[in-house]
J.: 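Pasting in a structure now, in structure tokens, and then I'll have a few things to ask.
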2 protein chains.
Amino acid sequence: MIGTRPFSQALDRLKRHGLRPTRQRLALVKLLFDRGDRHLTADQLHAEAAAAGVRVSLATVYNTLNQFTAAGLLREVVVEAGRSYFDTNTSEHHHAMVEPTGELFDIPAGDVRLSALPPLPPGTKLRRVDVILRVVKSQDPAS
Amino acid sequence: MIGTRPFSQALDRLKRHGLRPTRQRLALVKLLFDRGDRHLTADQLHAEAAAAGVRVSLATVYNTLNQFTAAGLLREVVVEAGRSYFDTNTSEHHHAMVEPTGELFDIPAGDVRLSALPPLPPGTKLRRVDVILRVVKSQDPAS
DNA sequence: GTGATTGCAAATCTTTTGCACTAAA
DNA sequence: TTTAGTGCAAAAGATTTGCAATCAC
């Protein structure tokens, strides 16, 4: 029965990461992962939940996004001063960000070639590399 | 007379960018540029000013940093969710950021080679590329 | 039951803004 | 003078937190 698939997928995803499957978490997991790769702020997800008839407080959305990130379900993307995006794609990749709207697009890791690593600050090791292409809507739509 | 150099340098820098040289701006320019490349938050600069005996309000520090950035004297760097750094190095370069302290180090642009540009979102043109190496203090200081 | 989770409101943190006052040109 | 710049306090926006009520196990 295909209709039950999304539910068990969401449930499995939570269980796999040791998160108790509450009504709110199940709903948020579905909103996040049922529609491909997404970049959402807490506020956007909260609005989506409301639109979908799911009652969740904004505080719970924040807490849940942080838990999901800590559990490895999501990745936090910081490209603008006062706003955090949560990315459902946790595999290695980069981002293009459209100014000033803040829209995000994925850039496959393979599309950006980084030379041999530059010297790191002493006593540190590399955890991750983020490449952000900051783009603007071009005045000339033909170019 | 060498003693007057820093003063006229600060004054020139402001004049060159069409900024009226007030007592506060002169003091902030000196704090920012007399000590090599720096990455500072508004709060840090405000604290430095206070320590140096310069009376400036935090609001003025924020406004001044934004004006300096708009005038091209500084560059804003966003690497952490709720905090903006201002970089006195406005030439092309990248950053290494130490977690979780937030310390920033410059990476020369030449140390990172980017392949041919990946396809950009349609109707946009590239404004800037930011590369952020996220590093952690290594447990093993010898490595 | 018992401990984890939620909702709400209040608190926190960073940054911006309104407005009367002060200083630069 | 005239206009730009400053300080203060209040406002704004994003995020976190304290605590009582609720839910999963």
Side-chain angles (χ1 to χ4, degrees), chain A residues 7-8 10-29 31 39-50 53-71 73-74 76-86 100-102, chain B residues 7-8 10-29 31 39-50 53-71 73-74 76-86 100-102:
Chain A
F7 175 76
S8 53
L11 197 152
D12 286 350
R13 210 186 286 264
L14 290 175
K15 283 190 171 174
R16 241 183 291 133
H17 291 268
L19 294 165
R20 196 180 280 199
T22 65
R23 176 179 63 76
Q24 292 84 341
R25 282 178 183 166
L26 281 167
L28 294 178
V29 164
L31 287 171
H39 307 95
L40 290 170
T41 64
D43 210 53
Q44 287 169 346
L45 181 56
H46 184 241
E48 277 200 13
V54 179
R55 293 186 306 92
V56 201
S57 73
L58 181 56
T60 295
V61 171
Y62 271 105
N63 292 334
T64 302
L65 286 172
N66 286 147
Q67 289 156 178
F68 284 8
T69 302
L73 246 66
L74 295 174
E76 192 175 359
V77 181
V78 179
V79 288
E80 284 186 301
R83 196 190 318 283
S84 272
Y85 288 90
F86 292 87
T101 58
Chain B
F7 175 75
S8 52
L11 197 153
D12 286 350
R13 209 186 287 265
L14 290 174
K15 284 189 170 174
R16 241 183 291 135
H17 290 269
L19 294 164
R20 197 181 278 199
T22 65
R23 176 178 63 76
Q24 291 84 344
R25 282 178 183 167
L26 281 167
L28 293 179
V29 164
L31 287 171
H39 307 94
L40 290 171
T41 64
D43 209 54
Q44 287 169 345
L45 181 56
H46 184 241
E48 277 200 13
V54 179
R55 293 187 305 92
V56 202
S57 73
L58 181 56
T60 294
V61 172
Y62 271 104
N63 292 334
T64 302
L65 287 172
N66 287 147
Q67 289 157 178
F68 284 8
T69 303
L73 245 68
L74 295 174
E76 192 175 359
V77 181
V78 180
V79 288
E80 284 186 302
R83 196 191 320 282
S84 273
Y85 288 89
F86 292 87
T101 58

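In what follows, chains are A, B, ... by sequence order, proteins preceding strands, each numbered from 1.
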J.: Hey, which sits more toward the 5' end of DNA chain D by its nearest nucleotide, B:Ala81 or B:Gln67?
T.: B:Gln67
J.: Would you indicate, yes or no, if D:dG5 has its OP1 or OP2 atom less than 4.0 angstrom from a side-chain nitrogen or oxygen of B:Thr64?
T.: no
J.: With a 4.0 Å cutoff (strictly under), does any side-chain N or O of A:Arg20 reach OP1 or OP2 of D:dC23?
T.: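 No, outside the criterion.
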J.: If I take atom NE2 from residue B:His39 and atom CD from residue B:Gln44, how far apart are they, to the nearest 0.5 angstrom?
T.: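 CD of B:Gln44 is found 11.0 Å from NE2 of B:His39.
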J.: Please give, in whole Å, the distance from D:dT15 C1' to A:Leu45 CG?
T.: 15 Å
J.: Take B:Leu14 and B:Phe68 through the side chain to side chain contact (heavy atoms under 4.5 Å, CB included) test and state the conclusion after the steps.
T.: CA-CA 9 Å; B:Leu14 290 174; B:Phe68 284 8; 3.8 Å; yes
J.: Which is more 5' along DNA chain C, the nucleotide nearest B:Tyr85 or the one nearest A:Val61? Just name the residue.
T.: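 Counting from the 5' end, the first nearest nucleotide belongs to A:Val61.
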J.: When you match A:Arg25 and B:Arg83 each to their closest nucleotide on DNA chain C, which lands nearer the 5' end?
T.: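 With A:Arg25 and B:Arg83 compared, the 5'-side residue is A:Arg25.
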J.: Nucleotide range of DNA chain C contacted by chain B, 5' to 3', under 4.0 Å to a heavy atom?
T.: C:dT14 to C:dA25
J.: State whether the side chain of A:His46 and the backbone N or O of A:Val56 hold a donor-acceptor pair below 3.5 Å, judged by distance alone.
T.: yes
J.: Is the shortest side-chain N/O distance from B:Thr60 to OP1 or OP2 of D:dT6 below 4.0 Å?
T.: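 Negative; the distance criterion is not met.
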J.: At 4.0 Å (heavy atoms only), tell me whether B:Thr41 reaches a base, stays on the sugar-phosphate, or touches nothing.
T.: nothing
J.: D:dT15 P sits how many Å from A:Glu76 CD, rounded?
T.: 8 Å
J.: If you measure from OH on B:Tyr85 to CG on B:Leu45, what distance do you get to the nearest 0.5 Å?
T.: 13.5 Å
J.: Specify the closest pair of heavy atoms between B:Glu76 and A:Ala81, including all atoms of both residues, with the distance to one decimal.
T.: OE2-CB, 4.1 Å
J.: Between atom CD in A:Gln24 and atom P in D:dA21, what is the gap in whole Å?
T.: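 Spelled out: CD on A:Gln24 to P on D:dA21 is 18 Å.
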J.: Looking at residues at least two apart in the chain, or sitting in another chain, which of them share a side-chain hydrogen bond (donor to acceptor under 3.5 Å, both in side chains) with A:Arg13?
T.: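 In terms of side-chain hydrogen bond (donor to acceptor under 3.5 Å, both in side chains), with neighbours along the sequence ignored, A:Arg13 is linked to no residue.
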J.: So does A:Arg23 have more than 12 non-hydrogen atoms from other groups sitting under 6.0 Å from CZ?
T.: yes
J.: Quickly work out the B:Arg55 CZ to D:dT6 P distance and round it to whole Å.
T.: 13 Å
J.: Provide the closest heavy-atom pair for A:Val61 versus A:Ala42 in the form atom of the first, atom of the second, distance.
T.: CG1-O, 3.5 Å
J.: Hey, does the side chain of B:Arg25 reach the backbone of B:Thr64 with a donor-acceptor pair shorter than 3.5 angstrom?
T.: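 No, the answer is negative, given that no donor and acceptor are paired below the 3.5 Å cut-off.
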J.: Mind listing the N/O atom pairs, protein and nucleotides 16-18 of chain D, below 3.5 Å?
T.:
| from | atom 1 | to | atom 2 | distance (Å) |
| --- | --- | --- | --- | --- |
| D:dT16 | OP2 | A:Asn66 | OD1 | 2.9 |

